[in-house]
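The structure under discussion appears below in the form of structure tokens.
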Amino acid sequence: MALKRRDTDAGGDDFACIELEQPDFIREKLDAVDDVHMRIGITLGTIDKVMKAKFDRELERAGLTVSQMQVLMYILKEQKKQDREITARELEQRFRVSNPTMSGVLRRLEKKGFIERKPGSQDKRNKQIRIRENIDALHQMIHDRINVEGKRMFRGFTKEELAELARLSAKLLHNLEQDGEEE
């Protein structure tokens with residue numbers, strides 16, 4: 001599977017779309033890699049790119065990018081859970097991106113009419129972000145696509161294998177999050 005970069009016009013605030021070609025290409029390249037750590041890293045990176053490319057194509061119809069959708073869904077979930085202020089700083093930390101990156105995502109979402117930013121009640125410099133329009137239909141479409149792609153991605157896995165994959169993925173993420181701790 002060769003990956004070909006394609007810039008999108010959907011907002012420019014996240015990674016370029018990846019188009020997939022020649023399905024055996026990556027498998028052949030991975031077979032040539034002897035280092036198991038390298039193989040796992042390449043595989044995880046490719047999975048991420050393939051998933052984003054699929055969702056980019058789906059979201060393009062709604063005029064959104066994956067990054068924009070993730071931010072919208074987080075804000076929506078938090079607003080429904082409890083009526084509280086959601087700030088740009090919180091989103092930067094949650095999504096592990098810089099202030100300029102999150103500002104760009106939020107600016108595009110605001111321009112498209114999905115969110116509004118108001119001065120925070122405790123600190124006027126820290127903007128409160130709220131969903132502006134009813135996005136229930138968009139939320140349902142995204143939820144349905146996630147279910148379809150999840151079923152396809154995990155086809156043939158047993159419940160035990162999925163539980164083990166979840167456990168190992170969480171362990172890998174935990175290890176990556178450790179700040180320079182060497183053993």
Side-chain angles (χ1 to χ4, degrees), residues 1-6 8-27 30 40-84 86 90-97 101-102 105-106 108-110 112-115 129-174 176-177:
M1 157 183 353
L3 303 176
K4 182 174 81 177
R5 238 181 121 114
R6 169 175 73 84
T8 64
D9 206 20
D13 55 48
D14 60 60
F15 313 101
C17 272
I18 305 295
E19 292 180 1
L20 308 173
E21 300 175 344
Q22 304 167 2
D24 293 328
F25 179 77
I26 293 293
R27 254 180 260 120
L30 283 176
I40 291 169
I42 291 169
T43 301
L44 291 174
T46 304
I47 289 169
D48 179 60
K49 289 174 184 165
V50 170
M51 288 173 56
K52 282 182 179 165
K54 285 179 175 283
F55 282 114
D56 270 339
R57 284 192 299 270
E58 199 66 37
L59 291 170
E60 200 167 353
R61 288 188 263 151
L64 291 170
T65 65
V66 171
S67 296
Q68 292 168 351
M69 179 273 304
Q70 289 171 330
V71 169
L72 269 179
M73 293 303 105
Y74 178 79
I75 296 168
L76 183 64
K77 180 184 80 166
E78 291 300 310
Q79 273 184 207
K80 285 185 176 184
K81 190 171 18 173
Q82 55 192 353
D83 192 29
R84 67 176 184 83
I86 299 165
E90 174 186 346
L91 294 171
E92 292 163 20
Q93 292 170 347
R94 169 70 172 91
F95 292 98
R96 298 179 181 156
V97 296
T101 298
M102 185 53 68
V105 171
L106 294 173
R108 286 172 188 77
L109 286 173
E110 189 171 36
K112 293 174 184 182
F114 287 111
I115 64 165
I129 296 134
R130 300 198 48 85
I131 298 294
R132 186 177 199 173
E133 65 178 50
N134 186 347
I135 62 168
D136 288 336
L138 176 64
H139 183 260
Q140 187 61 50
M141 183 271 294
I142 291 167
H143 181 67
D144 292 346
R145 290 307 311 157
I146 289 170
N147 283 338
V148 167
E149 291 303 324
K151 286 179 183 176
R152 180 187 336 232
M153 185 166 50
F154 299 116
R155 184 180 346 166
F157 283 79
T158 66
K159 286 182 181 181
E160 294 79 16
E161 288 171 329
L162 287 174
E164 183 68 2
L165 180 59
R167 186 186 73 73
L168 293 172
S169 298
K171 185 175 182 177
L172 180 61
L173 181 59
H174 173 77
L176 288 171
E177 289 177 330

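Looking at heavy atoms from C-beta onward, Val105 lies out of side-chain contact with Phe95 at the 4.5 angstrom threshold. The side-chain heavy atoms of Leu64 and Phe114, taken from C-beta on, include a pair separated by under 4.5 Å.
Legend: residues meeting salt bridge (charged side-chain N to carboxylate O under 4.0 Å, His left out) with Asp48, ordered by chain and number and at least two apart, are Lys52. For Arg155, there are no salt bridge (charged side-chain N to carboxylate O under 4.0 Å, His left out) partners at least two apart in sequence or on another chain. Taking the side chain to side chain contact (heavy atoms under 4.5 Å, CB included) definition, one finds that Leu176 meets it with Leu172, sequence neighbours left out. Looking at residues two or more places apart in sequence or on another chain, you find no side chain to side chain donor-acceptor pair (under 3.5 Å) involving Gln93.
Pairs engaging residues 159-174 under the salt bridge (charged side-chain N to carboxylate O under 4.0 Å, His left out) rule: Glu164-Arg167 [sequence neighbours left out].
Put simply, CD1 on Ile129 and CD on Gln79 are 10.0 Å apart, with the number rounded to the nearest 0.5 Å. Note: Ile42 CD1 to Ile47 CD1 = 12.0 Å, rounded to the nearest 0.5 Å.
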Tabulate below the donor-acceptor pairs under 3.5 Å that side-chain atoms of residues 69-77 make, not counting sequence neighbours, or state none.
from	atom 1	to	atom 2	distance (Å)
Tyr74	OH	Glu90	OE2	2.6

Test salt bridge (charged side-chain N to carboxylate O under 4.0 Å, His left out) on Glu149 and Arg152; report intermediate values, then the result. CA-CA 5 Å; Glu149 291 303 324; Arg152 180 187 336 232; 3.1 Å; yes

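Here the shortest heavy-atom pairing between Glu78 and Ile86 reads CB-CD1, 3.4 Å.
Tested against Gln68 for a side-chain contact (heavy atoms from CB on, under 4.5 Å), the candidates Leu106, Leu109, Leu59 yield a single pass: Leu109.
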